[in-house]
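The block underneath contains the structure these notes are about, expressed in structure tokens.
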Amino acid sequence: MPDSPRFLMCPPDCYQVDYVINVWMEGNVDRSSRERAAEQWRGLHAVLQAHAEVELVPPAQGWPDMVFTANAGLVLGKTAIVSRFFHPERQGEEPHFKDWFEQAGFTVHELPEDLPFEGAGDALLDREGRWLWAGYGPRSELDSHPFLARWLGIEVLSLRLVDKRFYHLDTCFCPLAGGYLLYYPAAFDAYSNGLIERRVPAAKRFAVPEPDAVSFVCNAVNVGRKLIVNQAGEATRAWLGTAGFEVIETPLTEFMKAGGAAKCLTLRLDEAERADTRAIAAVESREVRLEGHLLDSGLLDRALDLIVDGAGSFQILEFNLGKQRQSTSDARLKVSAPSAEALERIMGQLIVLGAAGADGVGERGPRLEAVIQAGVAPADFSVTTIYPTEVKTARGWTRVEGQRMDGVIVVGSDGRAECRLIRDLQVGEQVVTGVDGIRLPRKTESREAAAEPGGAAADEFGFMGAGVSSERRVELVVEQIAWELRRIRDQGGKVVVVAGPVVIHTGGGAHLAGLIREGYVHVLLGGNAVAVHDMEQNILGTSLGMDMQRGVSVHGGHRHHLKVINTVRAHGGIAQTVAAGDLHGGVMYECVRRGVPFSLAGSIRDDGPLPDTVMDLLQAQADYARLIRGADMILMLSSMLHSIGVGNMTPAGVKLVCVDINPAVVTKLADRGSVESVGVVTDVGLFLSLLVAQLARLNGVHAAV
Ligand code: ARG
């Protein structure tokens, strides 16, 4: 039969599970029965022979996985790309398969050394020949895909494998005649699933249930309308039947112990080329340079993780390791991603780690796009972080002014660069888009800073180390904060306190008032509630109707806070209430007395509100931003929303202390990816009392010296 399909198989004479290179092999070393394997292989061979011509490659002693000829290479027309195995355990198969391809008359291509690609195990032609699906991740490298496109003159669609059990594309993906597809979606990342869904209409693809997937139903050999598999479950069979396929089961359990089944044991040799295909690979690459304590601070680790998590892949082109503890290293990496957008996303994150493009593209300056609608940024805007940032403008590398997170960068005609909120953009302003021409010069992080609890991120301030402290650490942390507060005060620095009403409920009001009185606090930020409850306590002795001395609710106390609001409204504001002699103590009183500026940002659930509460949120954000400017330290005391708001406006370098009884809140606030923030999980009233006591002790010591 001249044009019957042709397959390559390899007799299992040397087959055994000799080592573990995939999860299926775990616990199966030496556990495969040679006789049963031979019998099952003959079974598959016989079924296949009934529908196709089968050629054999002689097995080689010492290479037990050679039976899996799907991994010999990839064939299209008269071209064969011979595999480069990921694991040394299989690399010895390469010359045997190469010889076979050459003797069979194929034009053989070999990938660069160290660029793994495992043949038809990871590259499956659309059965209509329109394109090639190529897997990457566990075994094959993304960077091999452009070679496949070029050598085979076909479009390559890269799919990322994310489930250890499905380490080759052919274990979870099976293109069928007529444009049908059998696959297990959970084996792929979201981007790959999107790609599959765009190429194969829903009616033509079947997502196999997990039990079928793990019995390798996708590892099927498709010849015309026949499908040869190890085993197929009810639902998959039914779908295949409707699509017009006949299922032929042949048991291959001995080979599943090595992680393979029907498709793995065969290689289709007569893949026909189409005249209308073109070499296309969406894979994009860039070179970047990283400098610093790459190994001991974990920076390189983080960069590589981020690349892989972003569906990309990397090659380390150069690495110069610093020899001494203080010396830094530098590396040049090639970063690849399955699409231009994916690469841009990865580059954006690498830049935050301090990486710089090493291919000169960034040196040309950023891509600027004009604002065409006020308050709306160009679609591809780059978003700012808390870290000092520079852009390449007419003035050279220029520091962005007003650094904060979640803004965009506007470059003026004079070459100055400024951080701006999207809502404040004016028509015609030039906004930085993409990732080129931006850099974040980070001071090199020492191994000591990196070793601080939770202090994984690079930054310049070794303040206490980021992280959430346990109860036992609270006192230690308080000592450091007290020392820092006193230093800032004595140097004429600036401390901002963001406080929630819990400060008052937990009895911390008097302590906070004391700190203000002693000159430790220079700005107070909060909402309506903290001020209301503070004044309720100082005017009526209750907090939300609870007697603060005895801890019991007071008869009729539920209206106390409204009484206070009413009184303040009558006076026209907090300062006027103090002036009228109706407020004699507490947090708000001390602010007024000491001239400490405060801003109360309103919210939907506010009672009253107080005349001082700013109900226009844009105005409130602007007030906060103005008051925060120049802060050395910000104490966030049991307030979540107001603190998050403050965090967003604060550049790196300002020391943040977040205190809350709820660890989730503390983690959220302290986790700014920088070492200068610290979280304290404790009762805020207790924290403030410890802080005040520690300051008193410090001052006592100081006075005595
Ligand atoms: N033990 C072999 C390996 O892990 C099994 C290969 C299965 N082949 C395949 N095309 N999925 O490499």
Side-chain angles (χ1 to χ4, degrees), residues 21 71-76 79-88 90-91 94 98 108-125 131-162 167-170 173 188-189 191-192 195 278-290 300-301 303-319 331-350 355 357-361 435:
I21 57 171
N71 302 121
L74 173 65
V75 170
L76 181 59
T79 308
I81 300 171
V82 66
S83 288
R84 288 251 182 237
F85 284 95
F86 181 88
H87 293 288
R90 294 196 66 181
Q91 286 164 359
E94 292 167 15
K98 185 181 170 205
V108 173
H109 287 280
E110 284 181 281
L111 288 154
E113 270 176 56
D114 291 333
L115 186 56
F117 167 65
E118 299 204 345
D122 261 339
L124 300 168
L125 279 155
W131 54 71
L132 179 75
W133 299 102
Y136 73 98
R139 298 288 181 92
S140 299
E141 211 35 66
L142 183 62
D143 280 333
S144 66
H145 294 180
F147 287 95
L148 311 183
R150 192 175 335 135
W151 288 335
L152 303 177
I154 198 166
E155 181 182 8
V156 175
L157 302 173
S158 304
L159 301 178
R160 179 178 174 220
L161 296 163
V162 295
Y167 59 94
H168 275 142
L169 183 63
D170 68 0
F173 193 87
F188 300 93
D189 72 0
Y191 176 80
S192 306
L195 191 58
R278 278 190 311 128
I280 308 175
V283 178
E284 298 251 346
S285 313
R286 295 258 326 241
E287 272 181 39
V288 300
R289 182 178 294 285
L290 263 178
L300 188 63
D301 254 19
L304 301 183
D305 279 356
L306 182 159
I307 296 169
V308 173
D309 290 347
S313 118
F314 59 82
Q315 249 175 289
I316 300 182
L317 303 173
E318 229 180 88
F319 187 83
R332 203 159 52 83
L333 312 181
K334 177 179 170 196
V335 183
S336 301
S339 66
E341 305 85 75
L343 184 63
E344 185 132 313
R345 246 191 326 272
I346 292 171
M347 286 297 295
Q349 291 171 279
L350 285 176
D359 39 17
V361 180
V435 292

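Values below: every heavy atom of this structure, side chains too, minus hydrogens, waters and symmetry copies. Numbering of residues begins at 1 and proceeds along the displayed sequence. Because the structure is a prediction, the values reported are computed rather than measured.
- Put simply, CG on L152 and CG on L76 are 5.0 Å apart, with the number rounded to the nearest 0.5 Å.
- For A303, the side-chain contact (heavy atoms from CB on, under 4.5 Å) test picks out L290, L350, L353, with sequence neighbours left out.
- When every heavy atom of S158 is checked against every heavy atom of L195, the shortest pair comes out as O-CD2, 3.5 Å.
- Put simply, CE on M347 and CG on L306 are 11.0 Å apart, with the number rounded to the nearest 0.5 Å.
- Closest non-hydrogen pair, L333 versus L317, comes out as C-CD1, 4.1 Å.
- Taking the six-membered ring for Trp and thresholds of 30 and 60 degrees, W151 and H109 have nearly parallel ring planes, at less than 30 degrees apart.
- Nearest heavy-atom pair across S336 and V283 is CB-CG1, 4.2 Å.
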Kindly indicate, with the supporting measurements, whether the criterion side chain to side chain contact (heavy atoms under 4.5 Å, CB included) is fulfilled by F188 and L161.
-> CA-CA 5 Å; F188 300 93; L161 296 163; 3.6 Å; yes
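- Here the shortest heavy-atom pairing between P338 and A311 reads CD-O, 3.2 Å.
- A donor-acceptor pair under 3.5 Å is absent between the side-chain atoms of H168 and the main chain of A123, judged by distance alone.
- To the nearest 0.5 Å, atoms OG1 (T79) and CG (L148) are separated by 12.0 Å.
- Aromatic ring centroids of F147 and F117 lie 6.0 Å or more apart.
- For the atom pair I280 CD1 and L157 CG, the distance stands at 9.0 Å (nearest 0.5 Å).
- Sequence neighbours left out, the pairs with a member in residues 111-124 that pass salt bridge (Lys or Arg N to Asp or Glu O under 4.0 Å) are E118-R139.
- S140 approaches G135 most closely through the heavy-atom pair CB-O, 3.6 Å.
- Judged by distance alone, the side chain of E94 and the main-chain N or O of F85 form a donor-acceptor pair under 3.5 Å.
- Of the possible polar contacts, one joining the S192 side chain to the R160 backbone as a donor-acceptor pair under 3.5 Å is found.
- The OH atom of Y191 sits 3.5 Å away from atom OG of S339, with the distance rounded to the nearest 0.5 Å.
- Looking only at distances, a side-chain donor or acceptor of S83 sits under 3.5 Å from a matching main-chain atom of G119.
- Closest approach of L343 to V335, counting heavy atoms only: CD1-O, 3.8 Å.
- The salt bridge (Lys or Arg N to Asp or Glu O under 4.0 Å) contacts involving residues 143-156 comprise D143-K334, E155-R199, where partners must be two or more places apart or lie in separate chains.
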Test side chain to side chain contact (heavy atoms under 4.5 Å, CB included) applied to L125 and I154, step by step = CA-CA 10 Å; L125 279 155; I154 198 166; 3.6 Å; yes
